[in-house]
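Reviewing the structure listed below.
Everything numeric in this text was worked out from a predicted model, so none of it was measured.
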Amino acid sequence: MSERRYDIDWIRVIVFDILIFWHVGLFFVAWGNQVEWDLPLKNNVQLTWLFWPMMFIRQWRLSILFLISGIGTCFSLSSKSGGTYLKERFIRLFIPLLTAIFIVVPPQVYIERLAQSSVSISFFQYYPSTFQGVYPEGNFSWGHLWFVAYLLIMSVAALPLFLYLRTYGSRLFRLLSQLIHKSPFYLYVFCLPLLLIEISLQKRFPLTMALTNDWYAFSYYFICFLAGFIIANLEKTIWNAFVQIRHFALAFGIVASIPVLLMIAKGENPLWLQLLKPLNVWSWILAIFGFSSKYLNRKSALLSYRNAAVYPFYILHFTITLLLGYLIKDAAMHCLLKMLLMVIGTYGISFIFYEFVIRRVPLLQPLFGVKMKSSAPLRVLSQE
């Protein structure tokens with residue numbers, strides 16, 4: 001028996017909306033050397049206050065996306081063989097990744113090179129050099145599609161485990177369901193491997209988004225991906241547990257975020273902070289799931305459209321954001337007005353490409369991850 005989870009679709013859509021604001025914010029935020037990577041293209045005036053909301057969102061936005069991807073993987077595998085699942089992953093992940101590498105991302109690197117004054121030629125003259133060297137020293141890059149590349153690798157690597165759990169995991173799922181039914185605080189069990197990864201890998205392997213030497217980020221998000229798959233296999237009481245724990249998780253997240261953000265701003269990372277950060281991340285995930293389960297698990301025509309559009313929007317948006325930023329970075333206007341123009345422009349141009357080009361040209365749809373049929377809401381397996 002399956003249960004539709006419209007709330008999970010809403011979370012996915014909203015978090016990708018936040019991503020657009022996040023990428024616009026990168027153009028303006030002054031990080032103060034507290035991040036491993038910063039956007040090379042910056043506004044002529046940068047905002048120090050923007051550090052706080054940007055760093056807050058940075059703590060949990062990717063973890064929850066990989067968790068949701070694990071939930072979606074469980075639904076996808078529930079009615080497919082391993083081979084059919086791999087074929088679907090190839091179509092939905094690898095083909096859009098190639099589209100991005102060869103079409104969507106090269107303009108991003110070109111805009112960056114223009115801003116650095118390292119090129120002064122047209123894009124079409126520049127394009128052959130796209131394949132000369134790996135970014136950032138060279139020009140070849142998967143850009144913001146690193147998320148898709150990581151997800152593709154995780155999907156393939158975890159398949160044997162997922163197939164095993166699908167056949168033999170009922171005892172484990174039943175035990176976890178019983179524990180969570182007894183107390184929703186057992187949901188924090190999923191945080192334990194995140195604590196170990198944070199302590200053992202975070203300082204040794206800074207974020208690269210390039211797969212190589214990115215052991216901390218890849219391991220951390222892989223655990224979130226696995227957790228999503230396991231959560232989706234539990235009985236529907238887990239969704240009641242999310243609702244039950246939502247107020248505690250929200251309160252813990254608010255209180256924990258204060259020392260976490262303050263210590264990050266100072267550039268300090270003691271052991272107690274390494275323990276607190278994953279607990280903070282997981283608390284925000286629990287709070288978001290809890291309030292969404294309570295208020296957003298409803299069918300909506302808007303949700304159906306947005307859910308189908310979110311993937312091509314994700315593929316397209318960052319190139320548009322960078323182009324708009326490059327065009328107005330030195331303009332004599334207030335930063336908030338620039339932000340507004342970049343947000344509206346990113347959404348508007350992405351919508352035009354999606355609605356009037358991608359949706360109406362069937363050959364383009366698989367290139368941008370659009371299913372031939374409209375996207376159905378995620379369903380989560382129940383053991384009833």
Y168: ring-ring contact (aromatic ring centres under 6.0 Å, His included) partners, not counting sequence neighbours: Y164
field: Parallel, tilted or perpendicular: rings of F102 and F140 (30°, 60°)
entry: perpendicular
query: Salt bridge between R306 and D17, side-chain N to carboxylate O under 4.0 Å?
result: yes
message: Please determine whether residues F248 and L286 belong to a single hydrophobic cluster, defined as Ile, Leu, Val, Met, Phe, Trp and Tyr linked transitively by side-chain heavy-atom distances below 4.5 Å.
response: yes
message: Are Y354 and Y305 an aromatic pair, judged by ring center distance below 6.0 Å?
response: yes
task: Group every Ile, Leu, Val, Met, Phe, Trp and Tyr by side-chain heavy-atom contacts under 4.5 Å, then state whether I18 and I20 land in the same group.
output: yes
query: Does the side chain of R92 come under 3.5 Å of the side chain of S76 through a donor N or O and an acceptor N or O?
result: no
field: Contact summary for S155 and L93, nearest pair of heavy atoms
entry: OG-CD1, 4.2 Å
- prompt: Do S283 and Y188 have a side chain donor and acceptor closer than 3.5 Å?
  reply: yes
message: Taking ring-ring contact (aromatic ring centres under 6.0 Å, His included) as the definition, give me every residue that meets it alongside F90, ordered by chain and number, with sequence neighbours left out.
response: F94
query: Can you get from V243 to L250 by hopping between Ile, Leu, Val, Met, Phe, Trp and Tyr side chains that sit under 4.5 Å apart?
result: no
More than 12 heavy atoms from other groups under 6.0 Å of CZ on F21: no
message: For W31, give me all partners under side-chain hydrogen bond (donor to acceptor under 3.5 Å, both in side chains), at least two apart in sequence or on another chain.
response: D38
message: Once salt bridge (charged side-chain N to carboxylate O under 4.0 Å, His left out) is applied, what residue pairs with a partner in residues 65-82 remain, sequence neighbours excluded?
response: K80-E88
message: Parallel, tilted or perpendicular: which one describes the rings of W146 and Y221, with boundaries at 30° and 60°?
response: tilted
message: Just to verify, what does Y311 make a ring-ring contact (aromatic ring centres under 6.0 Å, His included) with, not counting sequence neighbours?
response: none
- request: Consider only side-chain heavy atoms of I, L, V, M, F, W and Y, link residues closer than 4.5 Å, and tell whether F28 and W37 are in one cluster.
  value: yes
task: Identify, with sequence neighbours excluded, every residue that meets salt bridge (charged side-chain N to carboxylate O under 4.0 Å, His left out) alongside R61.
output: none
message: Suppose we call two aromatic rings close when their centres sit under 6.0 Å apart. Are F225 and F162 close by that rule?
response: yes
query: Is there a donor-acceptor contact under 3.5 Å from the side chain of S63 to the main chain of L67?
result: no
query: Side chains of S257 and N280: donor-acceptor distance under 3.5 Å anywhere?
result: yes
Residues that Q202 engages under side-chain hydrogen bond (donor to acceptor under 3.5 Å, both in side chains), provided they are two or more places apart: N269
field: Hphob cluster co-occupancy, F252 + I258, side-chain heavy atoms under 4.5 angstrom
entry: yes
query: Under 6.0 Å from the CZ atom of F353, do we count more than 12 heavy atoms belonging to anything else shown?
result: no
message: Looking at every non-hydrogen atom in both residues, tell me the closest pair between A100 and P106 and how far apart they are.
response: O-CD, 3.6 Å
- prompt: With sequence neighbours excluded, what pairs up with Y150 under the side-chain hydrogen bond (donor to acceptor under 3.5 Å, both in side chains) test?
  reply: D214
message: Are Y186 and F190 an aromatic pair, judged by ring center distance below 6.0 Å?
response: no
field: Six-ring centre of W215, R204 cation under 6.0 angstrom, axis tolerance 45°
entry: no
query: Relative to each other, are the rings of F123 and Y110 parallel, tilted or perpendicular (30° and 60° limits)?
result: perpendicular
message: Any side-chain to backbone donor/acceptor pair from S78 onto F75? Under 3.5 Å, distance only.
response: yes
query: Would you say the ring centroid of W142 lies under 6.0 angstrom from that of Y135?
result: no
- prompt: Should E36 and R58 count as an ion pair when the cut-off is N to O under 4.0 Å?
  reply: yes
Backbone of L114 reached by a side-chain donor or acceptor of S118 within 3.5 Å: no
- prompt: Which pairs, with at least one residue in residues 331-340 and sequence neighbours excluded, count as a side-chain hydrogen bond (donor to acceptor under 3.5 Å, both in side chains)?
  reply: N43-K338, N44-K338
- prompt: Could you walk me through whether F205 and Y216 pass the ring pair (Phe, Tyr, Trp, His ring centres under 6.0 Å) check?
  reply: CA-CA 6 Å; F205 298 101; Y216 164 67; 9.0 Å; no
field: Test ring-ring contact (aromatic ring centres under 6.0 Å, His included) applied to H247 - qualifying residues, sequence neighbours left out
entry: F291
Distance-only check: which donor-acceptor pairs under 3.5 Å involve side-chain atoms of residues 313-329, not counting sequence neighbours?
unit_1	atom_1	unit_2	atom_2	d
Y314	OH	H144	O	2.4
H317	ND1	F313	O	3.4
H317	ND1	Y314	O	2.8
H317	NE2	H23	ND1	2.7
T319	OG1	V104	O	2.7
T319	OG1	Q108	NE2	2.9
T321	OG1	H317	O	3.1
T321	OG1	T346	OG1	2.9

- prompt: Do any N or O atoms from the side chain of S350 and from the backbone of Y347 form a donor-acceptor pair under 3.5 angstrom?
  reply: no
query: side-chain hydrogen bond (donor to acceptor under 3.5 Å, both in side chains) with S122: which residues, sequence neighbours excluded?
result: Q125
statement: Taking every heavy atom of L77 against every heavy atom of R166, the minimum-distance pair comes out as O-NH1, 2.5 Å
field: Donor + acceptor pair across side chains of N139, R113 (<3.5 Å)
entry: yes
A256 versus P259, closest heavy-atom pair with distance: O-CD, 3.2 Å
task: Could you pull out the closest heavy-atom pair between R5 and S293, with the gap in Å?
output: NH2-OG, 3.1 Å
query: So, does W282 use its side chain to make a donor-acceptor pair with the main chain of L187 at under 3.5 Å?
result: yes
- request: Might you point out which heavy atoms bring P184 and I245 nearest each other, and give the distance in Å?
  value: O-CD1, 3.4 Å
More than 12 heavy atoms from other groups under 6.0 Å of NZ on K203: yes
